[in-house]
There are 2 protein chains.
Amino acid sequence: MTILHSASQVLRCFSDERPELTLTDIVALRGAPKSSTSRLLNAMRDAGFLEVTKVGRKYRPGPLMIHLAQINKVDMSLLARADAAVRELVEETGHTGYVSALDHQDVIGLSGHEGRQVLRVATAVGRRLQASASATGRALLSRMEDRAIETLYHKGLFAPSERAPATLEDLMNRINQVRQSGYSVAFDETNHGVGAVATVVVDPMKNLALSLCIVFPAATIAEQEREHIITRMKEMTAQLARQFNDHGQPLLDTVRRKKSQSGVLSI
Amino acid sequence: MTILHSASQVLRCFSDERPELTLTDIVALRGAPKSSTSRLLNAMRDAGFLEVTKVGRKYRPGPLMIHLAQINKVDMSLLARADAAVRELVEETGHTGYVSALDHQDVIGLSGHEGRQVLRVATAVGRRLQASASATGRALLSRMEDRAIETLYHKGLFAPSERAPATLEDLMNRINQVRQSGYSVAFDETNHGVGAVATVVVDPMKNLALSLCIVFPAATIAEQEREHIITRMKEMTAQLARQFNDHGQPLLDTVRRKKSQSGVLSI
DNA sequence: AACTTTTGTTCCATTAAATGGAACTTGAGG
DNA sequence: CCTCAAGTTCCATTTAATGGAACAAAAGTT
């Protein structure tokens, strides 16, 4: 174990729920000896990775992190991150991939990358898709509360093809499958001959859900390759979820209010 | 030199102007051997501190930094940072300190910390002060363009005491002194018997200038102590400036528009 | 205030990692 | 196919990190 990995582990201990940690906290979380951890934390403080609160000897991410967070060209938005992840998947698999978000009953493509395969699905940035009849749409819906989904489809739903869910009950079954497995699939639903695998990740701070999706010709894909795509997508999505403190909470129906700081007037 | 310090140096190489760097860039910036730097950068990538762009082997701050930037309880605003810096100065010197911002011709106290000294200046969060007749006000004005200052005081200015600048010319002289020395002083200007030292730092992304100020009884302060306060304030202000990419640019008169991302639709 | 418990630091010999020069590999132009 | 620049790997050497235990400092407890 190099000290950089140790430092990395320490920094990963911090989260929204635990923005400040003591030495003993970190010892407990990492399981490393107290002495090493003590020296490590002091070294990290000296280097600017951490800073200590005057009261209670608590550590938190330090000035160096604040410096990096100010660099606005390093886009840290979920969209930029999800887009980068999809691009990586596209390069790996050669299939087309895109990132999309939900808008009422529709899914909108926000960014897309075309694959290298001769037979490939064209990307459609800005195009709308029925949420209920697509892998990416059901992935996004899976992070809403049941009540909200029912409200959204209270007038019933339209199935553009035989394989798409035709009733609210069908849809809920498919959504529950997504919730359980962590990914969403579709074959021949909105577009004939097209297969899709999608996952979803939410940024709880912005209450924003985005879906990662890889699309491919349904006929030519091998079972093994499909499995591989699913595995990689779940891996990359899990990484994004960790980065954004997404612990699987459902999306809030109403807009969350930001708490005001204590003791300091806001501008 | 520990590897943590090296890693810290590398991360400090990134800025708004240089959001991505190659191995050779970093070798040039740090002066360390190429071999060590190569290994260091790869180790940092493995640990999540950096990530590499697929094209051009460029490095930039990595997923770990993005994770930390998401922690909302770690307040990275300039106000929170300036407040923490002032608190530290107050603890060190025992004198009262505060952070303030400009509102037209006034300075408003945004956060304050009272000193430990028996004879101390009381804090006044939310209270207004004449910008022209205070150390903190002139510090803030020093980051505006001359034209903007002239516009602000085109109706002339009022001096609340003999030592305060009475004309625009007086004021400009005092402001130019601040620009040159990097700090602002006042004795017996708005409040009798009160001395003050102030510095200013701006967050270019928010186009926000904040002033750090330490106030003390003018009569009882030793020359040496005053010098020490100035030195420490300049140090801490310089650190903040580095973190926020403040390179001494004047404040924009109009609100800067944020550029939209290329290739990706914004939500 | 004296005691106990909890929490963090320092010491030490041992182990493991970082170092820098040189040789080597890779990749982009010509 | 060659060349030059950019990046990686090798190796012996130096330097830093490790973890157990003793030590010191706070925070509770009687």
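Chain identifiers are assigned alphabetically (A, B, ...) following the order of the sequence lines, protein sequences preceding nucleic acid strands; residue numbering begins at 1 within each chain. All values below were derived from every heavy atom in this structure, side-chain atoms included, with hydrogens, water molecules and symmetry-related copies excluded.
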Atom pair distance, as rounded to whole Å: CZ in B:Arg57 and C1' in D:dA6
6 Å

Contact check, side chains of B:Arg39 and B:Ser35, non-hydrogen atoms, under 4.5 Å
yes

Taking the nucleotide of DNA chain C with the closest heavy atom to each, which residue, B:Lys34 or A:Lys34, is nearer the 5' end?
A:Lys34

Is there a side chain to side chain contact (heavy atoms under 4.5 Å, CB included) between B:Thr2 and A:Asp46? Walk through the geometry before answering.
CA-CA 11 Å; B:Thr2 75; A:Asp46 293 345; over 6 Å; no

What's the CD1-P distance between A:Ile26 and C:dT7, to the nearest Å?
14 Å

Contact class for B:Ser38 vs. all strands (heavy atom < 4.0 Å): base, sugar-phosphate, or nothing?
base

Interatomic distance where NE2 belongs to B:His5 and P belongs to C:dA18 [whole Å]
16 Å

Interatomic distance where CD1 belongs to B:Ile3 and C1' belongs to D:dA17 [whole Å]
11 Å

Flag side-chain contact, heavy atom, 4.5 Å: B:Tyr98 against B:Leu110
no

When all nucleic acid strands are considered with a 4.0 Å heavy-atom cut-off, which category describes A:Ser36: base, sugar-phosphate, or nothing?
base

Atom pair distance, as rounded to whole Å: CG in B:Asp46 and P in C:dA18
11 Å

I need the CG-C1' distance between A:Leu23 and C:dT10, as an integer number of Å.
13 Å

To the nearest Å, give me how far apart NZ (A:Lys58) and C1' (C:dT7) are.
12 Å

Taken to the nearest whole Å, CE/A:Met1 to C1'/D:dG19 is 14 Å

Nearest-nucleotide wise, let me know which of A:Asn42 and B:Ser35 is further upstream toward the 5' end of DNA chain C.
A:Asn42

Less than 4.5 Å apart, side chain to side chain, heavy atoms only: is that true for A:Ile229 and A:His95?
yes

Could a donor-acceptor pair under 3.5 angstrom be found where the side chain of A:Arg39 meets the base of C:dG8?
no

